[in-house]
Amino acid sequence: MTEMPRRVAVVGSGPAGFYAAGALLAADPPAEVDMIERLPTPWGLVRLGVAPDHENIKAVSRAFERIAQRPGFRFFGNIELGRDLTNADLVRLYDAVIYSVGAQTDRRLGIPGEDLPGSWAATEFVAWYNGHPDFQELEFDLSGERAVVIGNGNVAIDVARMLALTAEELAPTDTTEKAERAILESGIRDIVMLGRRGPAQASFTPPELQELGELVGADVVVDPAELELDAASEAALEQDRERARRNVEILREFAAREPTAKSKTLRLRFKVSPVAILGDERVEAVEVVKNVLEAGLDGQIRAVATDEREVIPCGVVFRSVGYTGVALPDLPFDERRGTLPNQGGRVLDERGEPIPGLYCAGWIKRGPSGVIGTNKKDATETVELVLEDAEAGLLVRDREAGNLEDLLVERGVDFVAYGGWEAINGLERKRGEPVGRPRIKLCTWEELLAAGRS
Ligand code: NAP
């Protein structure tokens with residue numbers, strides 16, 4: 001008797017999900033993969049997170065398209081866990097389930113005024129300008145002269161840069177029409193990014209930082225005094241990693257520049273922590289405290305507040321201090337780390353024992369770090385454990401349990417199959433072609449589902 005192929009459900013269709021699917025489909029013997037996604041569209045943050053002017057980064061989607069063409073791959077979009085399907089359904093139908101749902105919400109600052117109108121999570125702004133159908137109703141008031149972006153990561157850089165782009169820079173992108181108009185008509189002239197630690201501790205990467213110095217419509221401004229390194233940072237830089245050293249070099253070059261009277265200014269500040277977002281009815285300013293840096297016993301360099309405060313008037317605030325995972329229905333959750341509790345990708349129960357058949361990959365496994373490619377190694381590691389457990393006979397599925405498609409049809413669930421996504425993709429690309437854009441996205445659930453059914 002020939003063995004039935006192993007069947008694996010991958011929940012979430014971002015980079016980690018696709019890399020896991022790729023590794024499973026390339027295994028010997030290949031597994032069958034059903035990818036389950038809440039939205040009608042795949043690719044996760046590659047479609048809805050990567051900045052629209054970073055088309056070269058989005059090109060990784062071609063690799064995902066090739067994976068989707070392999071025999072044994074199916075896509076089920078518009079499926080919400082807890083509403084249409086449960087973890088128990090998946091455990092019954094599949095040998096293994098890999099959760100790769102990412103880190104779905106923003107980390108909070110925990111300071112007064114954080115929820116004032118005009119104070120936004122960067123994740124909301126990013127989802128909005130990228131055409132995420134859950135965020136299109138948001139109204140960003142960009143009429144004030146100054147925007148403050150809190151955080152020193154690549155998302156903060158994306159947000160600051162997007163606010164500074166000109167018509168010619170936005171024209172070849174797939175930014176939504178509404179967002180493009182709002183950015184071009186905005187009153188913002190000064191964009192201020194706040195880092196709580198110093199230039200050597202910033203978590204953005206050199207190519208992304210360098211890009212800020214090449215903007216058509218904005219001068220990048222850095223105060224040389226804020227680049228002075230304390231002894232601990234100097235020492236860290238000596239033995240350091242390429243990234244911090246390169247970042248500091250680029251920042252020093254920025255600090256030495258003379259402003260060229262471009263219409264906007266993008267200002268990078270360091271060693272300042274927001275302590276309150278101020279305003280009566282809406283955001284009017286951010287109050288910051290100046291920090292000094294100290295090396296802790298663990299060798300980590302920490303920001304320690306001084307008594308010196310400063311109020312930075314502004315009309316809008318974007319809080320960009322990282323993402324965090326959200327608990328999944330019927331699954332354990334590590335609240336502290338914001339991930340599924342796991343060992344190398346095997347999901348653990350409350351006693352720390354692996355739960356047979358349950359795995360995770362990507363940000364829900366390791367937290368929101370790394371670049372897209374980091375997820376390839378991460379997902380491959382998880383798939384190796386799946387295959388190892390399968391070999392060891394630890395994975396059992398109910399062979400009589402049937403098939404996901406039949407179950408969804410029986411429950412009357414209106415899913416979008418891969419062909420439906422291809423119809424959406426084709427339509428979006430066609431709309432973009434005459435105006436020289438990679439695509440013009442469909443941004444509402446109605447439009448997406450209608451195209452997905454065609
Ligand atoms: P991130 O890299 O973790 O940066 C978070 C930033 O927030 C850090 O500078 C952190 O400072 C700061 N922060 C945290 N808590 C704070 C607080 N209470 N007050 C002030 N600042 C605070 O996160 P991210 O920017 O969201 O990016 C997530 C991941 O996606 C990263 O791995 C990033 O590289 C990746 N990404 C890559 C690209 C790209 O390649 N182009 C684009 C976007 C995102 P501390 O260091 O002091 O904690």
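Worth saying up front: this structure is predicted, and the values here are computed from it rather than measured. Each ligand, and each atom within it, is numbered from 1 in the order the structure gives. In this chain, residues are counted from 1 in sequence order.
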Per the under 4.0 Å non-hydrogen criterion, ligand 1 touches I57, R107, L109, G151, N152, G153, N154, V155, D158, R196, R197, S203, E208, S320, V321, G322, Y323, W363, P368, S369, G370, V371

Would a 4.5 Å heavy-atom cut-off, applied to side chains only, mark I36 and L90 as touching? yes

Determine whether I372 and V50 make a side-chain contact, defined as any pair of heavy atoms from C-beta on separated by less than 4.5 Å. yes

Parallel, tilted or perpendicular: ring planes of F18 versus F64, cut at 30 and 60 degrees: parallel

Which residue pairs satisfy the ring pair (Phe, Tyr, Trp, His ring centres under 6.0 Å) criterion with at least one member in residues 264-300, sequence neighbours excluded? none

Under the criterion side-chain contact (heavy atoms from CB on, under 4.5 Å), I'd like the reasoning laid out for K58 against R439: C-alpha separation, chi angles, the key distance, then a yes or no. CA-CA 12 Å; K58 287 179 192 267; R439 64 177 68 238; over 6 Å; no

Polar side chain donor-acceptor pair, R243 to T205, under 3.5 angstrom: no

